[in-house]
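Each remark here refers to the structure printed beneath this line.
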Amino acid sequence: MITTLAGIDFSAPAHEVAPQLIGVTLLVNGVGGRIVETEAYDREEPASHCFIGETPRNFAMFGPPGRSYVYQSHGLHWCLNFVCREPGHGAGVLIRALEPLADAHGLAAMRARRQLEDERLLCAGPGRLCQALGVTRQHNNLPLSEAPFLLLPRDPAREVAMLAGPRIGISKAVDLPWRFVEAGSRFLSKPMRGSVL
DNA sequence: GCAGGGATGAACT
DNA sequence: GTTCATCCCTGCA
C-alpha cells in the first residue's frame, strides 16, 4: 500500500498531515495550484463526518490512507479531503484553499469553470476549489497517487511560514486548532488569526 | 418525515 | 465588516 506521497506519510494522524500539505502542489487533470489552507478531521472528535461511524457517504474515509474523500455540502458544493491514518480509523484533511499557479497549471481552465477572473477568489474555499478543479462525486475514493490526481512536493527553496487556528464552518469542537494556513497568503478562504506553528 | 449541514454569493450596515 | 436565502442530500426518529 502506498501511504507516502509528495514526501508526506498519510498514515499519520490528520492534524500532523494537514500542516505538511501547506505548500504542496495539487493538480487534478493538470489543473490546480499550491495548497495554502487545510483542516484536519478525526473520528475521535465530533466535528468530523466519521464521528458517527462508517456510512454510505463517508466510507472512503475509513479506507486506506492517501486516497480522496469527496462529499457534497449543502446540496450544491463539493469538498475534497485526503484520507489519513490507518485503514478503518476514519480521518482526513479537508483541502480549503489553493494558490493558483501559472497558466501551465490550468489557470485559464479554472477561470472558465468559475466564470471569474479574480485569481484570489478562484480557489479560496473548499467548494470553490472543487469547482475550479472540476472535482465531483466521480473523484471520491480514488488514490491520490494516480491520475487524475497529482501531488508535487513543496519547493524546498521556498520557506513556508504557517499558522494554526480554529476550524471554520463547524458547530462542534470549535476550539480545536486544526486549521492550518500559509502565513500571509492572499488566497485563504478567510483570514487567519491564530498562533505561529 | 424532518432537521441540519466541514458553503457560497449577494445584499446589507 | 455582517446577515441571509439558497442549494438537496444525509442520517435518524
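Letters go in sequence order (proteins before strands), and every chain restarts at 1.
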Can you tabulate the close N/O pairs, meaning under 3.5 Å, that link protein atoms to atoms of nucleotides 9-13 of chain B?
{"from": "B:dG9", "atom 1": "OP1", "to": "A:R114", "atom 2": "NH1", "distance (Å)": "3.1"}
{"from": "B:dG9", "atom 1": "OP2", "to": "A:R128", "atom 2": "NE", "distance (Å)": "2.5"}
{"from": "B:dG9", "atom 1": "OP2", "to": "A:R128", "atom 2": "NH2", "distance (Å)": "2.5"}

- Item | 4.5 Å side-chain heavy-atom contact, A:P13 and A:R85 | yes
- side chain to side chain donor-acceptor pair (under 3.5 Å) contacts in which one or both residues fall within residues 186-197 of chain A, not counting sequence neighbours: A:E37-A:S189, A:R96-A:S189
- Taking only residues at least two apart or on different chains, which pairs with a member in residues 59-80 of chain A satisfy salt bridge (Lys or Arg N to Asp or Glu O under 4.0 Å)? none
- Name the nucleic acid region contacted by A:L94, choosing base, sugar-phosphate or nothing; use a 4.0 angstrom heavy-atom cut-off, strictly under. base
- Contact summary for A:P100 and A:L107, nearest pair of heavy atoms: CB-CD1, 3.6 Å
- Message: Under 4.0 Å, counting only non-hydrogen atoms across every strand here, what does A:S171 touch: a base, just sugar-phosphate, or nothing?
- Response: sugar-phosphate
- Send over the distance from A:R167 CZ to B:dA7 C1', rounded to a whole Å. 16 Å
Report all side-chain donor-acceptor pairs from residues 155-167 of chain A shorter than 3.5 Å, counting only partners two or more places apart or in another chain.
{"from": "A:D155", "atom 1": "OD1", "to": "A:A157", "atom 2": "N", "distance (Å)": "2.9"}
{"from": "A:R167", "atom 1": "NH1", "to": "A:A40", "atom 2": "O", "distance (Å)": "2.8"}
{"from": "A:R167", "atom 1": "NH1", "to": "A:E45", "atom 2": "OE2", "distance (Å)": "3.1"}
{"from": "A:R167", "atom 1": "NH2", "to": "A:E45", "atom 2": "OE1", "distance (Å)": "3.0"}
{"from": "A:R167", "atom 1": "NH2", "to": "A:A173", "atom 2": "O", "distance (Å)": "3.4"}

Check the interface with nucleotides 9-13 of chain C: list each N/O to N/O pair with the protein under 3.5 Å, or write none.
{"from": "C:dT10", "atom 1": "OP1", "to": "A:R137", "atom 2": "NH2", "distance (Å)": "3.4"}
{"from": "C:dG11", "atom 1": "OP1", "to": "A:T55", "atom 2": "OG1", "distance (Å)": "2.2"}

- Message: If I take atom CG in residue A:L76 and atom P in nucleotide C:dC8, what distance separates them, rounded to the nearest angstrom?
- Response: 7 Å
- Item | Ring centroids of A:H77 and B:dA7 base under 5.5 Å with planes under 30° | no
- Query: Atom CZ of A:R120 to atom P of B:dT8: distance rounded to whole Å?
  - Reply: 15 Å
- Task: Please check if A:L129 and A:V181 belong to a single hydrophobic cluster, counting links between Ile, Leu, Val, Met, Phe, Trp and Tyr side chain heavy atoms closer than 4.5 Å.
- Result: no
- What's the CD1-C1' distance between A:I95 and B:dA7, to the nearest Å? 16 Å
- Query: When the distance from OH of A:Y71 to C1' of C:dC7 is rounded to whole Å, what number comes out?
  - Reply: 14 Å
- Can you measure from CG (A:L27) to CG (A:L101) and round to the nearest 0.5 angstrom? 7.5 Å
- Would you indicate whether the side-chain heavy atoms of A:N140 and A:F59 approach each other to under 4.5 Å? yes
- Query: In dot-bracket, 5' to 3', how would DNA chain B read with Watson-Crick or G-U wobble pairs under 3.5 Å, [ ] for crossing ones and | for pairs to another strand?
  - Reply: |||||.||||||.
- Message: Please report the interatomic distance CZ(A:F10) to SG(A:C84), rounded to the nearest 0.5 Å.
- Response: 6.5 Å
- Item | Between C1' of C:dC8 and CH2 of A:W78, the distance in whole Å | 11 Å
- Query: Looking at CG of A:L94 and CZ of A:R179, how far apart are the two atoms once the value is rounded to the nearest 0.5 Å?
  - Reply: 10.5 Å
- Atom-to-atom span, NE2 of A:H74 to P of C:dA5 - whole angstrom: 14 Å
- Rounded to whole angstroms, how far apart are NE2 on A:H49 and C1' on B:dG4? 11 Å
- Query: Which heavy-atom pair separates A:I8 from A:L21 by the least distance, and what is that distance?
  - Reply: CD1-CD2, 3.7 Å
